[in-house]
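These notes concern the structure reproduced below.
Because only heavy atoms are used, hydrogens play no part in the values below, and waters and symmetry mates are left out as well, while side chains stay in.
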Amino acid sequence: MNVEIINVGTELLLGEIVNTNATYLQKKMCKELGFNVFFQTVVGDNPQRFLDCLNIAFNRGCDCVITTGGLGPTEDDLTKELSAKYLGLEMIFNEAEAKKVNDKCCFVSQLDQVTDNNLNKLIFQKIVMF
């Protein structure tokens, strides 16, 4: 399987943090599974540039794209939403999973409730299995 990795985050692009996710994915996961990683891209938190990266990856003939980053509670983290849009998938809110995440976050943080901006990011995509 030919895989491309797209690492999303302006902080990665500007060198503000080290991209340890890419190293782990390539060295451990992809290598152990026998995946061929021919390209790795770093893109900032920009919706159009991310969509362009997906388009380039699939036009090059990759079978699968793995994304990292861009999944947090801030407004510029749109990886899930943009991936679903690109693939034509519907986003759904899974109440049962949201409750599990809320309960775990409350336990760990000792807060009574997860903030709305965090809870609103608990949208899960319908998965297409191949």
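Across L25, N19, I6, a single residue satisfies side-chain contact (heavy atoms from CB on, under 4.5 Å) together with Q40, and that is N19. Partner of F50 under the side-chain contact (heavy atoms from CB on, under 4.5 Å) criterion, out of L78, D45, T67: T67 alone.
To the nearest 0.5 angstrom, K80 atom NZ is 12.0 Å from L82 atom CG. Summarising the geometry, atom CG belonging to N2 is positioned 5.0 Å from atom CG belonging to N36; distances are rounded to the nearest 0.5 Å.
Closest approach of T41 and C53 over heavy atoms only: CG2-SG, 3.6 Å. Nearest approach of K27 to K31, heavy atoms of both residues: O-CB, 3.4 Å. Smallest separation of non-hydrogen atoms from V3 and C30: CG1-SG, 4.5 Å. Taking every heavy atom of both residues into account, G44 and V8 meet most closely at O-CG1, 4.3 Å.
Within the 3.5 Å criterion, the main-chain N or O of M1 finds no donor-acceptor partner in the side chain of D63. Side-chain atoms of N55 do not come within 3.5 Å of backbone N or O of L51 as any donor-acceptor pair.
Hydrophobic cluster membership is shared by I66 and L33, with clusters built from Ile, Leu, Val, Met, Phe, Trp and Tyr side chains linked at under 4.5 angstrom. Under the 4.5 Å side-chain heavy-atom criterion for grouping Ile, Leu, Val, Met, Phe, Trp and Tyr, F58 is not connected to I56 through any hydrophobic cluster. One hydrophobic cluster, built from ILVMFWY side chains closer than 4.5 Å, holds both L87 and V65. Cluster membership check: F39 does not share its hydrophobic cluster with I5, using side-chain heavy-atom separations under 4.5 Å among Ile, Leu, Val, Met, Phe, Trp and Tyr. In the hydrophobic clustering of ILVMFWY residues, with side-chain heavy atoms under 4.5 Å counting as a link, V18 and Y24 come out apart.
Atom CD of E95 sits in a sparse spot, with 12 or fewer heavy atoms from other residues, nucleotides or ligands closer than 6.0 Å. Residue-environment remark: CZ (R49) stays at or below the threshold of 12 foreign heavy atoms within 6.0 Å.
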